[in-house]
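Just so it is clear: chains get the letters A, B, ... in the order the sequence lines come, proteins before strands, and each one is counted from 1. Everything numeric here is computed off the predicted structure, so don't read it as measured data. The figures here come from the full heavy-atom set of this structure, side chains too, leaving out hydrogens, waters and symmetry mates.
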Amino acid sequence: MIKQDPCAPAGKADAPRAARRVVAHVDLDAFFTSVEQLLNPALAGQPVVVGGAANQRGVVASASYEARARGVYVPMPLVRAYRVCPEAHFLPGRHSLYSDFSRRVFEVINRFSPTVERASIDEGYLDWTAEQCGTHQPVTARHGAALPVHWPLALAESLRLAVLAETGLSVSVGIGANRLVAKIASKHCKPRGICHVATGAERAFLRPLPLAVVPGIGKRATEVLAANSLVRFADAQDTDDATLARCLGDEWARRLRRIANGEGRVELSPHEAPKGISNESTFRQDCRDLDTVRRTLYRLVEKAAWRLRRAGLVTGSVAVKLRTADFRTRTHTRTLGYHSDCHAELYRVAAQLFEDFAPRHQAIRLIGVQLANLAPATGCQLLLFDSDRRAVNQQVDRLLDRVRAQHGFSGIATAAGLHAARRPVRGG
DNA sequence: TCTGGGGTCCTAGGACCC
DNA sequence: TCTGGGGTCCTAGGACCC
Ligand SMILES: [Mg+2]
Ligand SMILES: [Mg+2]
């Protein structure tokens, strides 16, 4: 742990200038429902649920604070949310709209630090270490404020106000000596909050909080811990390593010990290329008609391959995911042995995988496709294979992509190869 | 009570190779 | 004659996050 005063003159000649680290975590408050309330003022102050119609299959993706006050939570099944709160407005999600708002929010956030990590559509980390000593032209200076004693709070407040003024959305900001403390702090002060955990105060701050606030400690781990009377950080702080290890295994026991001591990673990571692309769909009712399932799979492969090409990537493996009426989920994977972004090729493999394990008696609840082992599309893989056929298939994809660029993915429907692919096909 | 859809990461067994 | 030991790839499944 770094304890020295960052503003003191450097001590030893070759010691790095070890500034006390400051990380901020910014998280949008009830993001999806806030966007809907912003765009439709009639929803302001009302219980709103985003996720689908009240009688649909699915779960709550976002609930306004008015809905949460009535007992709705994420991810509650929609039909149950309706039972708990029938007066709520149930809305389907509009994800491209939320992506646009997210991008605008991050345009504001990016002005508040040169080092920002976008962790998801609704949250990000900022490195504020440089703000305290006037190194690296701190953002504080650009905003015309002298450095007050509680500069992190002042800076967080100006960020909150800027996001609110420029996007209409509310964020909460947590500030601490590492990422995890900052994230737990932002959650702790929601909504419309700011929380700064002073260096050295971490153990005391965490002590009364439930262990379940730790990202990575989910339903299962929380149950195991609770069965051993470990519910709050205080319980973990006051128990021995062996008990933690019995609950969580060695790796997570060590990790939780460090977290409970207020230690944690500081570095922000740059944007990374996606490791997988997947699309799946749950039927409104369990489906017994295999042709319907095949058509759905065909469409899902089209969508996934389209997203793959738009990202400039090719895939090295195809998996088909299938969930039966009993909620049992199975995945069958095939490594291609080559890379492809070509719909016809990928669907041929997906269709074969599906035929291999299509259930004979059970109805199907969900079908999906997953592409993994992604690599940049360099255009040099096609030499090894049936390059004529691939060239034709690629031209088809490119032609359709041009229509999709104009009208979106749903702007065009195709069926080429849907039935041809039904018979078992050998080899790749 | 009924359990979405987009992801990441981890584990573990068997194949295969040296 | 009872039986190596890694390392890596492939596959399946599960916990977890937003
Ligand atoms: Mg949020
Ligand atoms: Mg979040």
(message) Just by distance, no angles: are the side chains of A:Ser172 and A:Ser186 close enough, under 3.5 Å, to form a donor-acceptor pair?
(response) no

(message) Between A:Asn40 and A:Glu36, is there a side-chain donor-acceptor contact under 3.5 Å, judged purely by atom types and distance?
(response) no

(request) Pick base, sugar-phosphate or nothing for A:Val79, based on heavy-atom distances below 4.0 Å to the nucleic acid. (result) sugar-phosphate

(request) Using a heavy-atom cut-off of under 4.0 Å over every strand shown, decide if A:Leu78 touches base, sugar-phosphate, or nothing. (result) nothing

(request) Can you tell me, in whole Å, how much space there is between the C1' of B:dA15 and that of C:dC2? (result) 22 Å

(message) Both A:Val59 and A:Arg255 contact DNA chain B. Taking the nearest nucleotide for each, which residue is further toward the 5' end?
(response) A:Val59

(request) Indicate yes or no for a side-chain donor-acceptor contact from A:Trp128 to the backbone of A:Phe112 under 3.5 Å, with no hydrogens or angles considered. (result) yes

(request) Check whether any side-chain N or O of A:Ser278 sits under 3.5 Å from a backbone N or O of A:Gln370 as a donor-acceptor pair, and report yes or no. (result) no

(request) Name the first nucleotide and the last nucleotide along DNA chain C (5' to 3') that come under 4.0 Å of a heavy atom in chain A. (result) C:dC10 to C:dC18

(request) Pick base, sugar-phosphate or nothing for A:Ser281, based on heavy-atom distances below 4.0 Å to the nucleic acid. (result) sugar-phosphate

(request) Please check if the side chain of A:Gln394 supplies one atom and the backbone of A:Cys342 the other of a donor-acceptor pair under 3.5 Å. (result) no

(request) Identify, residue by residue, the members of residues 315-332 of chain A with a heavy atom below 4.0 Å from DNA chain B, and return them in order of residue number, or none. (result) A:Arg323, A:Phe327

(request) Identify, between A:Arg57 and A:Ser278, the residue whose nearest nucleotide on DNA chain B lies closer to the 5' end. (result) A:Arg57

(message) Under 4.0 Å, heavy atoms only, any strand: does A:Arg80 hit a base, just the sugar-phosphate, or nothing?
(response) base

(message) For a quick check of understanding: with a heavy-atom distance under 4.0 Å over all strands, which category does A:Glu123 fall into, base, sugar-phosphate or nothing?
(response) sugar-phosphate

(message) Give me the distance, rounded to whole Å, that separates C:dC18 from B:dT3 when you measure between the P atoms they each carry.
(response) 23 Å

(request) Remember a base hit wins even if backbone is also touched, and classify A:Pro75 as base, sugar-phosphate or nothing at under 4.0 Å, heavy atoms. (result) base

(message) Counting Watson-Crick and G-U wobble pairs with both distances under 3.5 Å, what is the dot-bracket string for DNA chain C, 5' to 3', using [ ] for crossing pairs and | for pairs to another strand?
(response) ....||||||||||||||

(request) Mark yes or no for whether A:Arg103, through its side chain, and A:Tyr98, through its backbone, hold a donor-acceptor pair below 3.5 Å. (result) no

(request) Looking at every strand, decide which applies to A:Lys303 at a 4.0 Å heavy-atom threshold: base, sugar-phosphate, or nothing. (result) nothing

(message) Closer than 4.0 angstrom, basic N to acidic O: yes or no for A:Glu355 and A:Arg294?
(response) yes

(message) Minimum heavy-atom separation for A:Ala30 and A:Ser64, please, with both atom names.
(response) CB-CA, 4.5 Å

(request) Mind jotting down which residue pairs meet the salt bridge (Lys or Arg N to Asp or Glu O under 4.0 Å) criterion with at least one end in residues 400-413 of chain A? Sequence neighbours excluded, please. (result) A:Glu302-A:Arg404, A:Arg309-A:Asp401, A:Asp401-A:Arg404

(request) Could you pull out all residues at least two apart from A:Gln362 that satisfy side chain to side chain contact (heavy atoms under 4.5 Å, CB included)? (result) A:Thr324, A:Ala325, A:Asp326, A:Pro359

(message) Expected output is a numbered-order residue list: members of residues 360-372 of chain A with a heavy atom under 4.0 Å from any atom of DNA chain B. What is it?
(response) A:Arg365, A:Leu366

(message) Within the 4.0 Å heavy-atom criterion, would you say A:Val224 contacts the bases, only the backbone, or no part of the nucleic acid?
(response) nothing

(message) Can you see whether A:Tyr298 has A:Arg295 sitting over its ring - NZ or CZ less than 6.0 Å from the centre and within 45° of the normal?
(response) no

(message) Treating A:Asn178 as the side-chain partner and A:Leu180 as the backbone partner, does any N or O pair qualify as donor plus acceptor under 3.5 Å?
(response) yes

(request) Under 4.0 Å between any heavy atoms, over every strand shown, what does A:Ala119 touch: base, sugar-phosphate, or nothing? Just pick one. (result) nothing

(message) Using the rule given for side chain to side chain contact (heavy atoms under 4.5 Å, CB included), can you reason through A:Phe32 versus A:His95, listing the C-alpha separation, both sets of side-chain angles and the distance that settles it, and then say yes or no?
(response) CA-CA 8 Å; A:Phe32 298 169; A:His95 280 268; 3.6 Å; yes

(request) Please determine if A:Arg323 forms a cation-pi arrangement with A:Phe327, meaning its NZ or CZ atom is less than 6.0 Å from the six-membered ring centre and no more than 45° off the ring axis. (result) yes

